Amino acid sequence: MYVAERFRTVINAFLSGCNSCEPGVKGYKQHCGKDYIWCVGGTTVTFERTHDIAELDVGMAGCDVVLSGWIEDYRKMGRVSFITLRDVTGITQVVIKGDAADRFAGLNRQSVISVRGTVQDTRARDYAVEIATTDICVLGRAVHPLPIDPIGRLESSIDNRLNHRALDMRNQKTASIFKMRHHALQVLRSTLVHDKFIEITTPKVIGSASEGGANLFSFDYFGKPAYLAQSPQLYKEQMTIGLQRVFEISNFYRAENSHTGRHLTEFTSVDIEAAFMDYDDVMDVLERLVRQVCSTLATECTAEQKSIGFDVPQQSPDAPFERVTYEQCVSELQKVGEDVGFGDDLLDSHLRLIGRNHPGFFFLTDWPLKLKPFYIREKDNNPELSRSFDLQYGYLELSSGGTRLHDPETLRARLAEQNLNPAQFEDHLESFEWGMPPHSGWGMGLDRLMAVVTGADNVREVVLYPRDPDRLSP
Ligand code: AMO
């Protein structure tokens, strides 16, 4: 029999202060007088957890097991009591016969217990087996009422849930979102590693702007001005001179006073940078990656999708992500009467119109150079256009990237054109004198991608402790 994990629930620790309580003492609640922990008819005070709940099956009838988990529900029917017990893997029913149950009748739902008992067949519809026990240890009590209903029977506002996030994680819908995020991170890492990208970690405390100066959080760093990194842009570009292909998955910071369902002041970014690749090549990398995330989640997270009531969007393998140019988008907008011309940035309202014409994932390519950051390279056949793209999911921008300038003189000139001071980028510019290869890359907002694949209408749903202009704690 496979036992995924074992850990010792050393009850003795709880008994510190009671020198006369020893392992093996019967009924030690009375013995040591502590009311936060006791055994029902126990002969030992050390329970060693033997199984995850998901490991129980009918073939185990008659086996003795020790489970640990949270009381989701408790019912007393005559001389028999039923506990619905949940751990992170699943849910089961615990049956306690006779007086034993009376001794913990005051215990609130969501308290955490250890149960030692025997697996037996059950007549309950929702379970394959149940556990008959007289041996229960209380490991931690839950207050009543709790600030939110972790079962989700009573709806709580997103603010209230975020204020009590750890408890919200016992809600199966919330837990499913974060299990899917965990899977997505694994797929992102393994796919990029397979494509020969090397994982790096760049500094988050920096001395000059990485994205040109706007929306920077600044603070005093031992008498010098310092900032929180908005992206790993300059560092990841520099790393191509030694490592060729790099990626980073880290949190970055934007001092954006935005109150939308897609902007946070701290967000998780997946970034790549690759030498000897053009923007077409890194779009291919991104497309493969997003497809891999979607297909893996769809097949490996069936229970989670059921729990959140949403199927991960799938794109047919025969239909590559559409690549729509900026100029095409402008003409689509003009056709529906929008007052927009070449060189104008596309507003949220524009992107919503374009998103209707191109539902699902698509690339929006070849933006006017003047709308792009200083490090983006122009197109050879039209220097007003850039070798750049955004990955959209309908109206929502998931990623942006492009081919970079790799000639230091052109980069210096571009900084000056954008009214940025090249002197502040000297460390960065210096590395361009050391054999900088042509390179391209992108940054993708993981929180936005997770919102798309889980059907969340607000990125806060997919971020543990979101930070926005109104939310700095917990
Ligand atoms: P950009 O600024 O477009 O590009 O950011 C890349 C992606 O990061 C996500 N993102 C955000 N997500 C949540 N809240 C925010 N405030 C926020 N800001 C950005 C978006 C966006 O598409 N250095 C370039 C990338 C590159 O060229 O490599 C950059 O940061 O999903």
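If you're wondering where the values come from, they're calculated on a predicted model, not measured in any experiment. One-based numbering, in listed order, for ligands and for the atoms of each. We're numbering straight along the sequence, starting at 1.
- The heavy atom nearest to atom 16 (N) of ligand 1, considering only Glu256, Glu237, His263, is found in Glu256.
- Aromatic ring centres of Tyr393 and Phe361 lie closer together than 6.0 Å.
- For atom 5 (O) of ligand 1, the closest non-hydrogen atom on the protein side is Arg254 NH2, 3.8 Å.
- For Phe276, the CZ atom sits in a packed shell: over 12 heavy atoms of surrounding residues, nucleotides or ligands are nearer than 6.0 Å.
- In terms of polar-atom proximity, Gly443 is counted as a contact of ligand 1, with an N or O under 3.5 Å from an N or O of the ligand.
- Few gaps surround NE2 on His259; more than 12 heavy atoms of other groups in view lie less than 6.0 Å from it.
- At distances below 3.5 Å, at least one donor-acceptor pair connects side-chain atoms of Thr299 with backbone N or O atoms of Thr296.
- Aromatic pair Tyr227/Phe219: centroids not less than 6.0 angstrom apart.
- Considering backbone and side-chain N/O of Gln233, one or more are found under 3.5 Å from N/O of ligand 1.
- Each of the atoms 27 (O) of ligand 1 lies under 4.0 Å from some heavy atom of Gly401.
- Against a heavy-atom cut-off of under 4.0 Å, Gly445 is close to the following atoms of ligand 1: 7 (C), 8 (O), 9 (C), 31 (O).
- Here is the list of ligand 1 atoms found below 4.0 Å of a heavy atom in Ser400: 1 (P), 3 (O), 4 (O), 22 (O), 25 (C), 26 (C), 27 (O), 28 (O).
- Looking at atom 27 (O) of ligand 1, its nearest protein heavy atom turns out to be Arg404 NH1, 2.9 Å.
- The aromatic rings of Phe321 and Phe363 are tilted relative to each other, their planes meeting at an angle between 30° and 60°.
- Within ligand 1, the atoms closer than 4.0 Å to a non-hydrogen atom of Trp442 are 26 (C), 28 (O), numbered from 1 in the order shown.
- Close approach to Lys236 involves these atoms of ligand 1, each under 4.0 Å from a residue heavy atom: 26 (C), 28 (O).
- By the 4.0 Å N-to-carboxylate-O rule, Glu248 lies close enough to Lys204 to be salt-bridged with it.
- Protein heavy atom closest to atom 13 (C) of ligand 1, with residue, atom name and distance, is Arg262 O, 3.3 Å.
- In Tyr375, the part holding a heavy atom less than 4.0 Å from any atom of ligand 1 is the side chain.
- Closest to atom 8 (O) of ligand 1 among all protein heavy atoms lies Phe267 CE1, 3.4 Å.
- The protein non-hydrogen atom at the shortest distance from atom 15 (C) of ligand 1 is Leu264 O, 3.5 Å.
- The aromatic rings of Phe252 and Phe267 are tilted relative to each other, their planes meeting at an angle between 30° and 60°.
- Residue-level proximity to ligand 1 for Gln230 is absent, since no heavy atom of it falls below 4.0 angstrom.
- Contact between Phe432 and Leu405 at its shortest, heavy atoms only, is CE2-O, 3.4 Å.
- Among all non-hydrogen protein atoms, the one lying nearest atom 31 (O) of ligand 1 is Leu398 O, 2.8 Å.
- Around CD of Glu155, the count of heavy atoms belonging to other residues, nucleotides or ligands within 6.0 Å does not exceed 12.
- What sits closest to atom 29 (C) of ligand 1 on the protein, heavy atoms only, is Glu211 OE2, 3.8 Å.
- Note: Phe362 and His358 have tilted aromatic rings, judged against thresholds of 30 and 60 degrees for the angle between ring planes.
- Numbered from 1 in the order shown, with element, the atoms of ligand 1 that lie under 4.0 Å from a heavy atom of Ser399 read 22 (O).
- Protein heavy atom in closest approach to atom 21 (C) of ligand 1: Glu397 OE2, 3.2 Å.
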Test side chain to side chain contact (heavy atoms under 4.5 Å, CB included) on Val463 and Arg181 and set out the steps.
-> CA-CA 9 Å; Val463 175; Arg181 188 175 165 120; 4.1 Å; yes
